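Notes for the one structure printed next.
The residues of the chain are indexed from 1 along the displayed sequence. Everything numeric in this text was worked out from a predicted model, so none of it was measured.
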Amino acid sequence: ITISREYGAGGQEIAKRVAKELGITIYDKDIVRETVKASGFDFDLVRKEEEEVSKTMSFFKGLWASSAFYPDPQEVIHDVQKAVILKFAKEGPCVILGRGADEIMRNAGIDSLNVFIHASELHRAVRLQAETGISDATELQKLMAKHDNNRRAYYTHYTGKQWGDIKNYHLTL
């Protein structure tokens, strides 16, 4: 099962609950830890790079990609994460959170149930207020927009598809 989600929509909690109910493993931060081990990159770099693909950086990264001498760290991180995701998926039934796992599984020919979790802005803001302690509505909106834009850019960059488009998922909640 792969679960993609809007920031603050509760996808992580849903993923944990699904994994618990089915008695299977959930992979989220484990992917980061395994990527760090396999790549040798710093933990903070992997966390930062795994969802941040700006349009400007995509342009420059495209230029750098033609250089064999300067491989793009984000591309290397993505390739390692992809291998980690496939390794976990091949070990048995599991829930994989984010990171374009739905398309990674599809391209590898591995059957999966691909889910997208979304919620109203108000619901997300209330959840995030409780989680973060931020009470300013404008700040909460900026936080949601930042994370969603990062996820959208990452997904589009690595899959060539539109993040959140219902055609990419078997189920949207």
The single option from V36, I77, T35 passing side-chain contact (heavy atoms from CB on, under 4.5 Å) against F41: I77
Aromatic plane relationship, F116 with Y169 - under 30° parallel, 30 to 60° tilted, over 60° perpendicular: tilted
Donor-acceptor side-chain pairing of Q162 and N168 below 3.5 angstrom: no
M105 side, atom CE; N107 side, atom CG - distance, nearest 0.5 Å: 11.5 Å
For Q129 against S135, the heavy-atom pair lying closest together: NE2-CB, 3.5 Å
L97 reachable from L173 in the ILVMFWY side-chain graph, under 4.5 Å edges: yes
Verdict with reasoning, K16 to Q12, per side chain to side chain contact (heavy atoms under 4.5 Å, CB included): CA-CA 6 Å; K16 286 177 182 176; Q12 189 173 48; 4.0 Å; yes
Interatomic spacing from CG in D30 to SG in C94 - rounded to 0.5 Å: 10.0 Å
Among R5, H123, E6, side-chain contact (heavy atoms from CB on, under 4.5 Å) partner for H118: E6
Single hit among E91, R99, K87 for side-chain contact (heavy atoms from CB on, under 4.5 Å) with Y27: E91
Validation row: I104, L86 side chains within 4.5 angstrom (heavy atoms): yes
Stepwise side chain to side chain contact (heavy atoms under 4.5 Å, CB included) check, V115 with H170: CA-CA 6 Å; V115 179; H170 298 109; over 6 Å; no
Spatial distance of atom CZ (R151) from atom OG1 (T156) [nearest 0.5 Å]: 13.5 Å
Under 3.5 Å side-chain donor-acceptor pair for H157 and E75: yes
Nearest non-hydrogen partners of A125 and M144, listed with the distance: N-SD, 3.9 Å
For A15 against V95, the heavy-atom pair lying closest together: CB-CG1, 3.8 Å
Euclidean distance, Q141 CD relative to K146 NZ, rounded to 0.5 Å: 16.0 Å
Worked verdict on K37 versus F43 for side chain to side chain contact (heavy atoms under 4.5 Å, CB included): CA-CA 9 Å; K37 259 190 348 188; F43 181 86; over 6 Å; no
Stepwise side chain to side chain contact (heavy atoms under 4.5 Å, CB included) test for K161 and R106: CA-CA 13 Å; K161 295 185 175 183; R106 194 176 291 119; 3.5 Å; yes
Result of checking D28, I31, N114 against I96 for side-chain contact (heavy atoms from CB on, under 4.5 Å): I31
Reported OG1-to-CG distance for the pair T159 and D165, which is rounded to 0.5 angstrom: 10.0 Å
Atom of I26, atom of A19 and distance for their closest heavy-atom approach: CB-CB, 3.9 Å
Atom pair CG (D79) and CD (Q81), whose distance is rounded to the nearest 0.5 Å: 10.0 Å
Minimum-distance pair of heavy atoms, taken over all atoms of A89 and I110: CB-CD1, 4.3 Å
CG/D111: more than 12 non-hydrogen atoms of other groups inside 6.0 Å: no
Criterion side-chain contact (heavy atoms from CB on, under 4.5 Å) against D102, the qualifying member of T2, I1, L113: T2
Joint cluster assignment, V18 & L171, ILVMFWY side-chain distance < 4.5 Å: yes
Atom of W163, atom of D148 and distance for their closest heavy-atom approach: CH2-OD1, 3.7 Å
Y154 side chain near H78 side chain, heavy-atom distance below 4.5 Å: yes
Cluster check I3, I166: I/L/V/M/F/W/Y, side chain < 4.5 angstrom: no
By side-chain contact (heavy atoms from CB on, under 4.5 Å) - contacts of E13 (at least two apart): R127, E131
